[in-house]
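Order of appearance sets the numbers: ligands from 1, and atoms from 1 within every ligand. What you see is a predicted model, and the numbers here were worked out from it, not measured in a lab.
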Amino acid sequence: MTVQSVLDKVSEVPGAGEVIRVIDPSTEEQITEFRDGGAAAVDEAVARARATFESGVWRNLPARERAQILWKVADLIDVRAPELVQLETINNGMPFVAAEGILPSCAELFRYYAGWCTKIEGTSFDIQMTAGITGTQADLHGYTLKEPLGVVGLIFPWNGPLFNACIKLAPALAAGNSCVVKPAEETPVTAFVLDQILREAGVPEGVVNLVLGYGHTAGAAISAHPDVDKVAFTGSTEVGKLIVQAASGNLKKVTLELGGKSPVLIFNDADLDTAILSAAMGIFVGSGQGCVCGSRIFVQRGAFDRVVEGISAIANGIQLGGPKDEGAHIGPLISRKQLNRVMGYVDEGRQEGVEVVTGGHRLDRKGYFVHPTVLTNVSTDARLYREEIFGPVVAVLPFDDEDEAIALANDTTYGLAGAVYTQNGARAHRLAKRIEAGTITLNCQLVFDHQMPFGGYKQSGWGREFGKDGIEMYLQTKSVYNQL
Ligand code: NAP
Ligand code: MG
């Protein structure tokens with residue numbers, strides 16, 4: 001399909017609520033609009049999902065057939081890659097290189113979880129019960145069954161719209177669930193195309209149900225719905241807490257991939273050129289709109305000036321721009337709201353005496369672009385130090401020794417990721433154990449693999465995505481006892 005025809009179709013998705021305009025954040029121009037589906041669309045979507053789950057049209061399909069369909073989804077993502085790249089860029093604002101870079105991972109997620117369909121298996125047990133509840137002896141055979149949860153609600157943000165959708169849909173479908181899907185209201189476009197692809201690949205009608213709308217309307221309705229068995233959510237910690245409250249009505253299962261304030265530790269003995277480049281990209285990529293972005297960089301005192309200088313030089317060399325800007329590395333923030341939020345933190349920091357080494361201003365052009373920003377002289381009490389900014393803003397602080405570095409790194413309510421740069425192997429592994437976070441990267445950042453579990457310690461989340469843990473989150477275990 002052409003880009004324009006997809007955008008036209010998005011505006012036809014049924015909804016009776018407020019009109020929501022979809023903006024290209026690199027130009028501030030409207031690309032399409034749709035009506036908020038709200039609670040009414042969620043009710044219909046849940047009913048359709050429930051009907052397909054009860055009928056078994058998907059969950060009872062032989063596992064190899066589910067696998068074939070998911071594999072075909074991956075192939076169709078590849079076939080429609082050029083169109084998906086274009087749509088992702090005009091909806092999210094990211095440059096082509098960024099969208100092109102992430103697309104193979106989207107397809108690969110479906111291939112990876114297609115492989116799991118035929119490997120969902122329980123365990124068996126020989127049980128010699130010497131004194132059960134009845135006091136009798138018994139020989140029993142026990143086994144476990146792994147079963148899908150039922151109707152699962154999938155809610156995710158705008159920072160990698162298609163990738164976020166694939167992270168949830170691939171394992172949820174591999175496990176045999178029926179789904180209700182709500183992308184961020186800012187970025188509905190590639191989720192809409194993925195929905196088409198799923199049908200074309202052979203996922204039966206009604207198994208995946210796309211709802212477009214706001215979080216406080218459609219998202220809240222999914223979280224509170226009595227007939228939804230699980231919500232898998234990616235977003236802010238603040239909204240994660242609302243989801244947990246809403247889910248308590250029917251005690252639906254909840255997994256949460258939330259925010260971060262991830263520490264990066266750079267020691268004097270690190271390969272500093274690598275550390276500087278990697279730490280700079282680790283915060284500025286996606287204009288800082290990544291949950292794992294290393295937004296607090298701690299540098300051992302001997303290397304402090306060189307690292308601040310190096311990261312600032314990279315910040316100044318980054319070419320910001322949208323899909324239409326030739327040679328752009330990094331795109332804008334997603335919305336005016338996000339722009340105001342990010343600038344609010346920086347302005348507040350200035351008033352508190354933070355030193356803005358570079359950046360700290362938006363670009364003088366259309367689009368929600370903020371110059372990559374390096375801050376020093378930051379108080380550990382400052383809001384900008386403690387809260388997730390989700391923008392291209394990094395605080396750089398000095399430390400003297402490992403203990404001080406760890407104390408600083410762990411002084412946060414978040415625990416999504418952490419990075420260490422040192423050429424001392426023992427120190428690297430020692431610190432990997434001491435940082436309180438779900439993912440640790442040693443002498444690198446921004447690395448993901450489908451096989452490796454991903455998720456948060458502390459208030460960065462519940463549960464894991466990717467890998468075997470990822471599919472387990474969409475399964476439940478049944479224990480069966482059999483008298484021999
Ligand atoms: P957000 O405001 O929490 O929204 C995330 C999603 O939840 C959106 O689809 C949003 O809908 C919806 N939502 C909002 N209020 C809701 C409610 N009351 N009930 C149910 N759903 C609701 O987050 P964001 O600002 O879009 O995204 C940035 C955040 O996501 C950051 O904190 C970032 O760290 C986090 N994130 C985490 C990961 C991870 O894997 N850990 C990955 C990416 C991003 P609308 O926006 O359409 O209203
Ligand atoms: Mg939002």
Side-chain angles (χ1 to χ4, degrees), residues 15 17-18 20-23 25 34 36-39 42 91-92 102 153-168 180-188 191 210-225 228 231-247 252 254-262 285-295 333-342 387-391 412-417 437-439 446 448 453-466 470 473:
E18 199 180 303
I20 300 177
R21 300 166 64 229
V22 183
I23 306 293
F34 62 90
D36 184 358
V42 169
N91 191 178
N92 169 280
I102 197 77
L154 311 177
I155 304 174
F156 45 86
W158 35 258
N159 59 343
L162 183 67
F163 190 54
N164 283 335
C166 295
I167 289 173
K168 294 197 166 12
V180 176
V181 180
K182 195 205 91 64
E185 99 272 357
E186 295 93 339
T187 53
L210 182 70
V211 176
L212 299 186
Y214 286 117
H216 65 272
T217 56
I222 293 171
S223 324
H225 202 291
V228 171
V231 173
F233 170 77
T234 297
S236 60
T237 295
E238 189 188 347
V239 174
K241 290 178 183 176
L242 294 178
I243 303 250
V244 169
Q245 284 165 15
K252 56 176 66 67
V254 178
T255 51
L256 303 170
E257 296 291 350
L258 305 176
K261 194 76 189 174
S262 297
V285 76
S287 267
Q289 301 169 107
C291 49
V292 293
C293 280
S295 50
L333 297 173
I334 192 69
S335 60
R336 182 168 295 280
K337 184 175 149 209
Q338 196 66 15
L339 173 76
N340 292 339
R341 202 176 111 85
V342 171
E387 296 177 11
E388 181 178 50
I389 298 177
F390 227 54
T412 169
T413 54
Y414 292 110
L416 196 60
T439 296
L446 299 176
F448 283 102
F454 175 79
Y457 278 30
K458 302 202 260 187
Q459 292 188 37
S460 286
W462 289 353
R464 292 292 176 270
E465 293 189 309
F466 297 105
M473 296 288 146

message = Under 3.5 Å between any N/O of F454 and any N/O of ligand 1: does that happen in this structure?
response = no
query = So is there a nitrogen or oxygen of E388 less than 3.5 Å from a nitrogen or oxygen in ligand 1?
reply = yes
Pairwise distance CD1(I243) to OG(S223) - rounded to 0.5 angstrom = 3.5 Å
task = Go through ligand 1 atom by atom and flag the ones less than 4.0 Å from a non-hydrogen atom of G219.
result = 19 (N), 20 (C), 21 (N)
remark   = A student checking ligand 1 against C291 at a 4.0 Å heavy-atom cut-off should list atoms 34 (O), 36 (N), 37 (C), 38 (C), 39 (C), 40 (O), 41 (N), 42 (C), 43 (C), 44 (C)
note = Contact region, V292 to ligand 1, non-hydrogen atoms below 4.0 Å, reads neither
note = shortest atom 35 (C) of ligand 1-to-protein heavy-atom contact is with G235 O, 3.0 Å
message = Tell me whether K182 contacts the main-chain N or O of V42 through its side chain, where contact means a donor paired with an acceptor under 3.5 Å.
response = no
ask   = Between K458 (side chain) and T412 (backbone), is there a donor-acceptor pair under 3.5 Å?
value = yes
Atoms in ligand 1 flagged as close to E257, the criterion being non-hydrogen separation under 4.0 Å = 37 (C), 38 (C), 39 (C), 40 (O), 41 (N)
ask   = So which bit of S223 gets within less than 4.0 Å of ligand 1, heavy atoms only: side chain, backbone, both or neither?
value = side chain
Closest to atom 4 (O) of ligand 1 (judged by heavy-atom distance), picking from W158, F233, F390, F156 = F233
remark   = Min over G215, S262, P161 of heavy-atom distance to atom 13 (N) of ligand 1 lands on G215
task = Give yes if a backbone or side-chain nitrogen or oxygen of T234 is under 3.5 Å from a nitrogen or oxygen of ligand 1, and no if not.
result = no
key: Under 3.5 Å donor-acceptor, Q338 side chain and S335 backbone   = no
Proximal ligand 1 atoms for I155, defined as those under 4.0 Å from one of its heavy atoms = 6 (C), 7 (O), 9 (O), 12 (C), 21 (N)
note = CD (E186) and CG (N159) are apart, to the nearest 0.5 Å, by 10.5 Å
query = Looking just at side-chain N and O atoms, do T234 and N164 make a donor-acceptor pair shorter than 3.5 Å?
reply = no
query = Taking the side chain from T255 and the backbone from W462, do they hold a donor-acceptor pair closer than 3.5 Å?
reply = no
request  = Run down the list L256, L416, L242 and name the one with the heavy atom closest to atom 18 (N) of ligand 1.
outcome  = L242
ask   = Quick one: which ligand 1 atoms are inside 4.0 Å of a heavy atom on L258?
value = 34 (O), 37 (C), 38 (C), 39 (C), 41 (N)
ask   = Looking at G213, which atoms of ligand 1 are within less than 4.0 Å of one of its heavy atoms?
value = 47 (O)
key: Within-cut-off N or O pair, K182 and ligand 1, under 3.5 Å   = yes
note = With heavy atoms and a 4.0 Å threshold, my read on which part of N159 contacts ligand 1 is side chain
request  = Examine S236 against ligand 1 and note whether any of their N/O atoms are separated by less than 3.5 Å.
outcome  = yes
Backbone N/O of P161 and side chain of T187: donor-acceptor pair under 3.5 Å = no
inquiry  = Show the atoms of ligand 1 that are less than 4.0 angstrom away from any heavy atom in E186.
reply    = 46 (O)
inquiry  = Given 3.5 Å as the limit, does a donor-acceptor pair link the side chain of K261 with the main chain of E388, or not?
reply    = no
query = Is there a donor-acceptor pair under 3.5 Å between the side chain of Q289 and the backbone N or O of I334?
reply = yes
query = So, the side chain of S460 versus the backbone of G415: is there a donor-acceptor pair under 3.5 Å, distance only?
reply = yes
task = Output the list of atoms in ligand 1 that are nearer than 4.0 Å to some heavy atom of E185, sorted by atom number.
result = 45 (P), 46 (O), 47 (O), 48 (O)
ask   = What's the shortest distance from atom 27 (O) of ligand 1 to any protein heavy atom, and which residue and atom give it?
value = P157 CB, 3.3 Å
